[in-house]
Amino acid sequence: MARGRQHWLMKTEPAVFSFDDLMAAAGRKAAWDGVRNYQARNSLRAMRRGDLVFIYHTNAAPSGIAGIAEVVREAYPDPTQFEPGHDHFDPRSKAQAPSWDMVDVRGIEALPRLLSLEELKSEPALASLQVCQRGSRLSVHPVSAAEWERIVALAKRKSRP
DNA sequence: GCCAACGTTGGC
DNA sequence: GCCAACGTTGGC
């Protein structure tokens with residue numbers, strides 16, 4: 001069954017791994033490890049090669065969408081869940097049925113400017129974007145085609161006065 | 001299955 | 001660093 005390109009948003013702390021770090025990585029590629037939330041994991045598992053992803057900077061000044069990446073490898077087990085002592089070690093995960101997956105992404109391009117959370121929230125058309133919700137903690141989530149287009153268009157515009 | 005306690009996230 | 005919001009855990 002054919003399926004169009006879908007759109008997603010993934011959060012990262014730029015102090016740990018920023019969009020610029022992704023663009024500077026070998027092949028502009030990175031394995032997106034460390035997701036330890038079931039809803040976010042389910043989104044990872046639903047991603048398909050070629051899907052587009054906004055890379056969102058969290059715990060940043062300001063927080064916001066920094067750039068665009070694409071999925072280049074679909075979900076596969078995150079090896080850090082099996083590494084005792086690792087921050088993301090999960091003693092309950094079974095090798096035969098790993099709890100946590102990751103995908104590989106490749107950086108495509110930075111947005112013309114960082115779209116801050118404040119600006120995203122001020123856009124009525126983006127009111128239902130998950131990252132705009134109060135208390136939103138989901139580190140990976142879908143973005144509708146309309147939201148995606150809106151955000152790309154906004155980023156091309158000059159920052160409002 | 002309920003729900004209080006706890007740990008984490010993340011904006012500010 | 002604060003603290004609200006949220007997800008997870010575990011006692012019952």
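A, B, ... follow the sequence lines: proteins, then strands. Residue 1 opens every chain.
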- Query: Between Asp78(A) and Gly34(A), is there a donor-acceptor pair closer than 3.5 Å when you use the side chain of the first and the backbone of the second?
  - Reply: yes
If you look at every heavy atom in [X] and [Y], which pair is closest and at what distance?
{"X": "Leu138(A)", "Y": "Ala40(A)", "result": "CD1-N, 3.8 Å"}
{"X": "Tyr76(A)", "Y": "Ala31(A)", "result": "OH-CB, 3.8 Å"}
{"X": "Asn37(A)", "Y": "Trp100(A)", "result": "N-CZ3, 3.4 Å"}

Can you give me every donor-acceptor pair (side chain of residues 43-50 of chain A, partner residue at least two apart or in another chain, under 3.5 Å) with its distance?
from: Arg45(A); atom 1: NE; to: Asp101(A); atom 2: OD2; distance (Å): 3.0
from: Arg48(A); atom 1: NH1; to: Arg45(A); atom 2: O; distance (Å): 3.0
from: Arg49(A); atom 1: NH1; to: Val72(A); atom 2: O; distance (Å): 2.7

- Message: Considering every strand and a 4.0 Å limit on heavy-atom distances, what is the contact class for Ser139(A): base, sugar-phosphate, or nothing?
- Response: nothing
Polar atom pairs between nucleotides 7-11 of chain C and protein, under 3.5 Å, N or O only, would you list them?
from: dT9(C); atom 1: OP1; to: Arg92(A); atom 2: NH2; distance (Å): 2.2

- 5′-ward residue of the pair Ser136(A)/Asn59(A) relative to DNA chain C: Asn59(A)
